[in-house]
Undergrad: 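Okay, handing you the structure first.
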Amino acid sequence: MKNLELVTLEKAAPQIQEIFDALKKKIGMVPNLYATAANSPAALKGILAFGDSLRRGEFSKKEIEAVALAISQENGCEYCLAAHTAVGKMVGFSEDETLALRDGSIGDTKLNALTKLAKGITVTAGYPSQELIAGFFEVGYTKAALVELIGHVALNVFNNYLNHIADTPIDFPEAKKLIQKQSA
């Protein structure tokens, strides 16, 4: 038995059907992440509202996808890696850039500082090094951006963990695997 099932449009409560209809209109589909989150109408509404609010903040679409790719890689979420690779390409990243964002080798100084801090927050459960935070500010990010980054980390971790527990079926093209670097 699966821990969580996908909620279909036909089985969804009326309030969820409205959300599904809006998602279909906006993005052409109901991603399986949202169909899984719909097991809890409150959770689905919460992640959508939180995400919408954060998208109106300090970060560009590319920066938001960079953070999502870095965190999803850190958490090993194959569903989110697939989804954010696809969306990352839609907002202007190349395939190679999506891989570089995931493995921490992106050449863009600002994106590098952003994704390193996002990973630092994730792996330390909210206790990144002061060096990572200083690097974030040095490339021009603000205190508001720091608070919003924490929000993006929290939202992505929630989505990653939901997908892990639900074993959410991937409904995007699978993301390429990173090549493991050989140590010398």
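The figures that follow rest on heavy atoms only: side chains count, while hydrogens, waters and symmetry mates do not. One is the number of the first residue; the rest follow in order along the sequence.
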Undergrad: Do V153 and L132 share a hydrophobic cluster (ILVMFWY, side-chain heavy atoms under 4.5 Å, transitive)?
TA: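 Yes, same cluster.
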
Undergrad: Does F50 have its ring centroid less than 6.0 Å away from the ring centroid of F158?
TA: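 Not under 6.0 Å, so no.
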
Undergrad: Would Q15 and K45 count as having a side-chain donor-acceptor pair, cut-off 3.5 Å?
TA: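 There is such a pair between these side chains.
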
Undergrad: Does L69 share a hydrophobic cluster with L155, counting links as ILVMFWY side-chain heavy atoms below 4.5 Å and allowing steps through other members?
TA: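 Different hydrophobic clusters.
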
Undergrad: Is any side-chain heavy atom of Y34 less than 4.5 Å from a side-chain heavy atom of I47?
TA: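 Yes, side chains in contact.
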
Undergrad: Please give me the minimum heavy-atom distance between Y141 and L114, naming the atom from each residue.
TA: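 Looking at all heavy atoms of both residues, the closest pair is OH-CD2, 3.6 Å.
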
Undergrad: Do NZ/NE/NH1/NH2 and the carboxylate oxygens of K143 and E148 come within less than 4.0 Å?
TA: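 Answer for the salt bridge query: no.
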
Undergrad: Under a 3.5 Å threshold, yes or no: a donor from one side chain and an acceptor from the other, between D167 and Y79?
TA: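 Per modelled atom types, D167 and Y79 side chains form no pair under 3.5 Å.
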
Undergrad: Which atom names give the shortest non-hydrogen contact between N32 and D171, and what distance separates them?
TA: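 It is N-OD2, 2.7 Å.
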
Undergrad: Looking only at heavy atoms, what is the nearest atom pair of Q17 and A12, with distance?
TA: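 Of all heavy-atom pairs spanning Q17 and A12, the closest is NE2-O, 3.1 Å.
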
Undergrad: Nearest heavy-atom pair of V67 and T115: which atoms, and what distance?
TA: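 Nearest heavy atoms, V67 then T115: N-CG2, 4.3 Å.
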
Undergrad: With rounding to the nearest 0.5 Å, note down the distance linking NE2 in H84 to SG in C77.
TA: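 Answer rounded to 0.5 Å: 8.0 Å.
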
Undergrad: Report the C-alpha separation of L4 and L162 in whole Å, then their side-chain angles, then the decisive distance to 0.1 Å, and conclude whether the side-chain contact (heavy atoms from CB on, under 4.5 Å) test is met.
TA: CA-CA 9 Å; L4 295 167; L162 177 63; 3.6 Å; yes

Undergrad: For T98 and F93, work out which heavy atoms get closest and say how close.
TA: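 Shortest heavy-atom contact: CG2-CB, 3.9 Å.
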
Undergrad: Looking at every non-hydrogen atom in both residues, tell me the closest pair between P173 and A82 and how far apart they are.
TA: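 Closest approach of P173 to A82, heavy atoms only: O-CB, 3.3 Å.
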
Undergrad: Regarding D103 and S105, is there a side-chain donor-to-acceptor distance under 3.5 Å anywhere?
TA: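 Present: a donor and an acceptor within the cut-off.
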
Undergrad: Please report the interatomic distance CZ(R102) to OG1(T85), rounded to the nearest 0.5 Å.
TA: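 It comes to 5.5 Å.
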
Undergrad: Is there a side-chain contact (heavy atoms from CB on, under 4.5 Å) between M29 and K24 once you walk through the steps?
TA: CA-CA 4 Å; M29 66 184 279; K24 280 184 172 178; 5.7 Å; no

Undergrad: How about Y161: does its OH atom have over 12 heavy atoms from other parts shown lying under 6.0 Å from it?
TA: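 Count not over threshold, so no.
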
Undergrad: If you group Ile, Leu, Val, Met, Phe, Trp and Tyr by side-chain heavy-atom gaps below 4.5 Å, do V157 and I121 land in one group?
TA: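 V157 and I121: one cluster.
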
Undergrad: Before accepting this row, confirm whether a basic side-chain N of the pair D52/R55 lies closer than 4.0 Å to the acidic partner's carboxylate O.
TA: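 So D52 pairs with R55 through a salt bridge.
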
Undergrad: Test side-chain contact (heavy atoms from CB on, under 4.5 Å) on T36 and V7 and set out the steps.
TA: CA-CA 6 Å; T36 300; V7 175; over 6 Å; no

